[in-house]
Amino acid sequence: MTVKVRFAPSPTGFLHIGGVRTALFNWLYARHVGGEFHLRIENTDTGREVAEATEQIKESLAWLGLDWDGEVTFQLDRMERCQVEARRLLEEGKAYEDEGAIRIRMPDEGVTGWDDAVRGRLEVANDTLDDLIILRSDGRPTYNFASPLEDWLDGITHVIRGDDHVSNTPKQIRVLEALGADIPVYAHVGNVLGTDGKKLSKRHGAVGVDEFRREGYLPEALVNYLALLGWSYDDRTTIMSRQELVERFTIERVIARPATFDYEKLEWMNGAYLRALEPNAYAGALTTFLGEQGLDWDDELARRTVPIVREKLVKLGRYPEYAGFFFHDVTPDAKLLDGLVLAAAEGAIASLDPFETPEIEQALRSLSDSLGLKPRQVFQSIRVAVTGTNVSPSLFESIELLGREKTLERLRSAAALADA
RNA sequence: GCCCCCAUCGACUAGCGGCCCAGGUCACAGCCCUUUCAAGGCUGCAGCGCGGGUUCGAAUCCCGCUGGGGGCACCA
């Protein structure tokens with residue numbers, strides 16, 4: 001039997017990082033076993049802006065590389081089928097009418113249980129189960145009816161979802177039984193928590209996927225990081241490619257406990273991925289990112305900054321402030337400038353030939369000797385003058401790339417600033 | 001209030017009765033490299049929530065407590 005899983009977000013907002021983790025686990029499992037991963041939009045509640053949210057969700061998944069099989073389905077499209085099935089249950093005596101709505105009968109004695117793939121045996125006393133409304137008086141199905149019904153129609157074999165659905169599961173199992181459907185395997189993963197220990201939600205700031213994209217995270221890094229939230233391969237492996245993740249992912253190694261999302265570790269991992277990129281791929285990611293940021297910076301120049309920038313950047317979002325001086329004028333802080341040093345530096349490198357890193361370095365080093373100053377004192381003033389900040393990429397290489405003309409120009413105007 | 005789930009360093013986790021006076025990663029601290037630094041290298045700090053059992057032996061099994069999370073709609 002082919003494994004079929006689904007990711008079923010409701011289109012009430014943008015895709016959250018917690019939801020993405022759920023989608024990822026489903027996707028990894030499907031790809032691992034060679035099964036299918038379906039995307040279903042649970043829009044039973046005819047909310048506004050459904051289309052926009054749906055597009056956003058699809059775009060986020062696509063960006064992360066979580067491709068789905070077949071067409072995206074919408075719960076709303078199966079409303080009629082839900083009504084047909086509800087009437088059938090009515091006729092079979094498994095459901096009854098109540099104030100215009102239809103309720104399904106739940107057993108009063110015994111327990112409803114299942115073998116959860118991550119939690120083991122779970123059971124709930126049936127007397128805690130109310131007769132669930134499956135069809136509202138206006139004819140629309142409720143979530144706990146439509147969702148399992150669709151799982152059945154789609155032939156879903158494994159339901160991998162968040163912790164918060166545990167209490168829905170016995171209800172859905174009873175619905176499925178009444179329908180005469182097979183019960184899928186359920187796997188309930190611990191929720192992703194914010195730094196405050198609360199379940200991640202819209203109110204927690206930058207948790208939307210598009211937000212991470214805007215900040216310059218690589219999808220590979222985000223995927224790798226998320227995979228490690230509630231799952232692990234062994235006791236020492238941290239960095240894993242998408243392919244390795246697919247090869248190694250099993251539900252058996254998913255744990256039940258909730259996990260706190262840690263931005264710092266994500267940043268570290270993103271930096272690791274960035275540094276591992278081939279220069280060409282790095283340049284591609286960078287220019288694409290800058291384009292998405294609406295920064296109309298010269299692609300060719302951006303490509304040339306890659307070698308001197310890649311070692312230190314943790315996320316692309318830091319690039320504009322770290323390397324922006326290559327693309328626009330700077331306004332250095334006069335307090336950090338030494339007019340004498342700058343004037344001397346201008347003279348020291350004005351006529352260098354070739355105007356390249358080794359020559360520049362040599363010239364500036366002998367300058368600090370002749371001025372009787374420590375290299376850092378000299379270099380720091382020049383750095384501020386040329387890059388506009390005291391934190392920048394390697395100074396000599398930056399000067400080479402910036403070029404003679406611009407460098408001299410900046411040294412000159414900074415010197416003027418310093419004297420003033 | 002009722003129901004359910006969870007519980008190892010600050011965070012993510014390994015551990016499925018002896019290999020653990022608990023291993024890895026992030027963070028943090030110190031040192032090194034060095035033209036700054038957000039990078040790199042090395043070293044270090046830090047944990048089995050508490051109390052009872054079971055067992056020759058428990059982070060690992062059982063019970064209770066505490067703590068945290070989730071759910072109790074004609075929401076999804």
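First the proteins, then the strands, lettered A, B, ... as listed; each starts at 1.
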* Near RNA chain B, under 4.0 Å by heavy atom, which residues of residues 275-284 of chain A? -> A:Arg275

* Pairwise C1' distance for B:G40 and B:G47, with rounding to whole Å -> 28 Å

* B:G15 to B:U60 separation - P atoms, rounded to the nearest Å -> 15 Å

* Asked: Who is the Watson-Crick or G-U wobble partner of B:C28, with both distances under 3.5 Å?
  -> B:G44

* Asked: Between A:Arg87 and A:Glu91, does at least one N-O distance fall below 4.0 Å, as a salt bridge requires?
  -> no

* On a whole-Å scale, what distance lies between the C1' atoms belonging to B:U34 and B:A39? -> 12 Å

* Between CG on residue A:Leu245 and CH2 on residue A:Trp27, distance to nearest 0.5 Å -> 8.0 Å

* To do: Would you mind telling me which residue lines up with the more 5' stretch of RNA chain B, A:Arg236 or A:Arg318, judged by nearest nucleotide?
  => A:Arg236

* **Span that lies between the P atom of B:U55 and that of B:C16, in whole angstrom** => 23 Å

* Taking atom C1' in both B:G67 and B:C50, what distance in whole Å separates the two? -> 10 Å

* Euclidean distance for C1', B:C21 against B:U8 (whole angstrom) -> 15 Å

* **A:Arg21 to A:Phe25 six-membered ring, cation-pi geometry met (6.0 Å, 45°)** => yes

